[in-house]
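Shown next, in structure tokens, is the structure this report addresses.
Owing to the predicted nature of the structure, the values given are computational and were not obtained by experimental measurement. A, B, ... follow the sequence lines: proteins, then strands. Residue 1 opens every chain.
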Number of protein chains: 2
Amino acid sequence: MIRGDGGKTLRAILDQICNKWTLLVVATLERSRVRFTDLQHQIPGISQRMLTLTLRNLERDGLVSRTVHAEVPPRVEYELTPMGRSLIPPALALAGWAMQHVPAIEASRAAYADRAETSSQAANRT
Amino acid sequence: MIRGDGGKTLRAILDQICNKWTLLVVATLERSRVRFTDLQHQIPGISQRMLTLTLRNLERDGLVSRTVHAEVPPRVEYELTPMGRSLIPPALALAGWAMQHVPAIEASRAAYADRAETSSQAANRT
DNA sequence: CAGCATCCTTGGCGATACTG
DNA sequence: CAGTATCGCCAAGGATGCTG
């Protein structure tokens, strides 16, 4: 059963975890503690805004810990909490599935596009 | 490693699979073939539009098959393909993780809110 | 019943500029 | 360096009405 409570809380949380950026940030943090700027560089398409928001949400949910070093220039490091690390296996399972099925999915999409094109051509015949 | 190719194709597919509605539709179809209207009823918050779009994408990607019965009134049934069924385990792994950690996450959120409130009160002190 | 087309609102997100 | 604040765009998605 995928719905435990009314469904809405679980769905909201799933939605947030499944987020494009969340998974990437978690995956990047898997290896070690990383600074803000390094994260930004290691995750190509992400904007500063989205990185900040994603990190705030992860911190808020207890998946990531934030450490501020009182130095000049300031340094902030992010790290997975134990709970954050526990997300890695299921996340990798899903990512693995996706990676494994990319070719099949693309083939299916191509076939689908062909079908659509063909049928529209048939419809155009007068 | 979560990025296999350039990263963009995989990310697009992951993004679509991870979609709020996609996971719910797949989960609902796990049990058996289901008609359009039944799906709509079994997935509380979904609009007709989103159900249609989600099903089209799943069909297009080869995860769901669509069967039209030539009857009056018309009847259309949706069913997972083998590839669609193969998505179930990793999807359940993630959903299971979420379900398992809902309490911890909510607790963390509450604590985070408290902290924010407290510090803003401290800032307000004159 | 199933589902496409249209309109319209919401808010996600990038870009930019400013602070500690 | 590591953010927060603000603006503006665009796409996601809900509501409604029409067809096969």
Side-chain angles (χ1 to χ4, degrees), chain A residues 8 11-12 14-25 28-29 33-60 64-79 112 115-117 119-120 122-124, chain B residues 8 11-25 28-29 33-60 64-79 112 115-116 119-120 122-124:
Chain A
K8 67 177 171 37
R11 244 175 35 209
L14 247 182
D15 219 28
Q16 181 150 357
I17 297 307
C18 268
N19 189 324
K20 171 164 55 178
W21 298 125
T22 302
L23 280 181
L24 281 180
V25 168
T28 305
L29 288 176
R33 311 164 85 198
V34 186
R35 312 180 46 167
F36 188 88
T37 314
D38 291 342
L39 271 173
Q40 203 171 359
H41 290 150
Q42 289 182 41
I43 306 178
I46 200 167
S47 68
Q48 192 201 37
R49 176 194 171 82
M50 287 323 290
L51 180 55
T52 302
L53 289 179
T54 304
L55 286 170
R56 283 293 166 281
N57 285 333
L58 285 170
E59 190 193 355
R60 176 186 136 112
V64 156
S65 69
R66 180 171 177 267
T67 312
V68 182
H69 299 264
E71 309 172 356
V72 175
R75 184 159 54 101
V76 179
E77 290 184 324
Y78 293 91
E79 186 179 16
Y112 190 87
R115 245 175 294 149
E117 207 171 300
S119 70
S120 83
N124 283 347
Chain B
K8 68 177 167 42
R11 252 189 14 222
I13 288 181
L14 246 182
D15 220 28
Q16 180 151 358
I17 297 307
C18 267
N19 190 325
K20 170 165 54 176
W21 299 126
T22 301
L23 278 181
L24 281 180
V25 168
T28 305
L29 288 177
R33 313 164 85 200
V34 186
R35 312 179 46 166
F36 188 89
T37 314
D38 290 343
L39 271 172
Q40 202 171 359
H41 290 149
Q42 288 182 42
I43 305 176
I46 200 168
S47 68
Q48 190 205 36
R49 175 194 172 82
M50 287 324 290
L51 181 53
T52 301
L53 289 179
T54 304
L55 285 171
R56 283 295 165 281
N57 285 332
L58 285 171
E59 190 193 354
R60 177 184 134 115
V64 156
S65 69
R66 180 171 177 268
T67 311
V68 182
H69 299 264
E71 307 172 355
V72 174
R75 183 158 55 101
V76 178
E77 290 185 324
Y78 293 91
E79 184 179 16
Y112 189 88
R115 246 176 294 150
S119 68
S120 83
N124 283 347

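Residues B/Ile46 and B/Leu24 form no side-chain contact, since every pair of their non-hydrogen atoms from C-beta on lies 4.5 Å or further apart.
Atom pair B/Arg56:CZ and C/dC4:C1' shows a separation of 9 Å (rounding to whole Å applied). In this structure, the CG atom of A/Leu24 is 16 Å from the C1' atom of C/dC13, given to the nearest Å. Distance B/Asp15 CG to C/dG12 C1': 13 Å, rounded to the nearest Å. What separates CD of A/Glu77 from P of D/dC1 is a distance of 14 Å, to the nearest Å. Spacing between atom CG of B/Asn57 and atom C1' of D/dA12 amounts to 13 Å, rounded to whole angstrom units. Spacing between atom CD of B/Glu59 and atom P of C/dG3 amounts to 9 Å, rounded to whole angstrom units. In this structure, A/Gln40 places its CD atom 10 Å from P of D/dC1, rounding to the nearest Å. Residue A/Gln16 contributes atom CD, which lies 16 Å from atom C1' of C/dG11 at whole-angstrom precision.
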What pairs of donor and acceptor atoms, side-chain ones from residues 15-22 of chain A against any protein atom, are under 3.5 angstrom apart with sequence neighbours left out?
{"residue": "A/Gln16", "atom": "OE1", "partner": "B/Arg109", "partner atom": "NH2", "Å": "3.4"}
{"residue": "A/Asn19", "atom": "OD1", "partner": "A/Trp21", "partner atom": "N", "Å": "3.0"}
{"residue": "A/Thr22", "atom": "OG1", "partner": "A/Gln16", "partner atom": "O", "Å": "3.1"}

Residues 49-57 of chain A, side-chain donor-acceptor partners within the protein, below 3.5 Å, at least two apart:
{"residue": "A/Thr52", "atom": "OG1", "partner": "A/Gln48", "partner atom": "O", "Å": "2.9"}
{"residue": "A/Thr54", "atom": "OG1", "partner": "A/Met50", "partner atom": "O", "Å": "2.6"}
{"residue": "A/Asn57", "atom": "ND2", "partner": "A/Leu53", "partner atom": "O", "Å": "3.4"}

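Judged as a side-chain contact (heavy atoms from CB on, under 4.5 Å), and not counting sequence neighbours, the contacts of B/His69 are B/Arg33, B/Thr67, B/Glu71, B/Arg75, B/Glu77. Scanning for side-chain contact (heavy atoms from CB on, under 4.5 Å) contacts around A/Val72 gives an empty result, with sequence neighbours left out.
Heavy atoms only, all atoms of each residue included: B/Leu29 and B/Val64 are closest at CD1-CG2, 3.7 Å.
Comparing D/dG3, C/dC1, D/dC1 against the side chain of B/Pro74 picks out C/dC1 as the nearest.
Contacts of residues 45-53 of chain A with DNA chain D (heavy atom under 4.0 Å): A/Gln48, A/Arg49, A/Thr52.
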